[in-house]
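Reviewing the structure listed below.
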Amino acid sequence: PPPTATQYFNNAYYAKVGGVPCVELNQLEVDFLFRVNFSLRVTTDEFAVYEHELEEHAKITAPSEGLPPLPLVKGPHGGGAVCPP
């Protein structure tokens, strides 16, 4: 199931799914944030457009069997940048 407001997947999960080391994903995340000047606001209309596009893309490219879900882990400050040691 997709993450909800109280549930999310951490960077360790996304790194595993994406096939990159977790530390590299964290570095990419920080680089992205600086490039967008930490401006992360999206209008409801923009969100709806991209949500629809992602759902349509997922229908076309989804494998018959996905990766098993990893446990959800919160970072020390509730963030998602936790990597296993």
Among pairs that include at least one residue of residues 18-28, which meet salt bridge (charged side-chain N to carboxylate O under 4.0 Å, His left out), considering only residues two or more places apart or in two chains?
-> none
What's the shortest heavy-atom distance between F32 and L40, and which atoms?
-> CE2-CD2, 4.1 Å
Tell me, with the steps shown, if E29 and N26 meet side-chain contact (heavy atoms from CB on, under 4.5 Å).
-> CA-CA 5 Å; E29 180 180 35; N26 290 343; 4.2 Å; yes
For F47, does the CZ atom sit with more than 12 other heavy atoms under 6.0 Å from it, leaving out its own atoms?
-> no
Can you hop from V36 to V42 via hydrophobic side chains spaced under 4.5 Å?
-> no
Return the set of residues passing side-chain hydrogen bond (donor to acceptor under 3.5 Å, both in side chains) with R41 (not counting sequence neighbours), or none when no residue passes.
-> none
N10 side-chain N/O to A12 backbone N/O, donor-acceptor pair under 3.5 Å | yes
Going hydrophobic residue to hydrophobic residue with side-chain gaps under 4.5 angstrom, can you get from F34 over to L28?
-> no
Considering residues at least two apart in sequence or located in another chain, which fulfil the side chain to side chain contact (heavy atoms under 4.5 Å, CB included) criterion with Y50?
-> E53
Can you name the nearest heavy-atom pair linking F9 to Y14, along with the distance?
-> O-CE1, 3.2 Å
NZ of K16 to CG of N11, rounded to nearest 0.5 Å, is 15.0 Å
Residues Y13, V17; criterion side-chain contact (heavy atoms from CB on, under 4.5 Å); working and verdict = CA-CA 6 Å; Y13 177 84; V17 170; 3.7 Å; yes
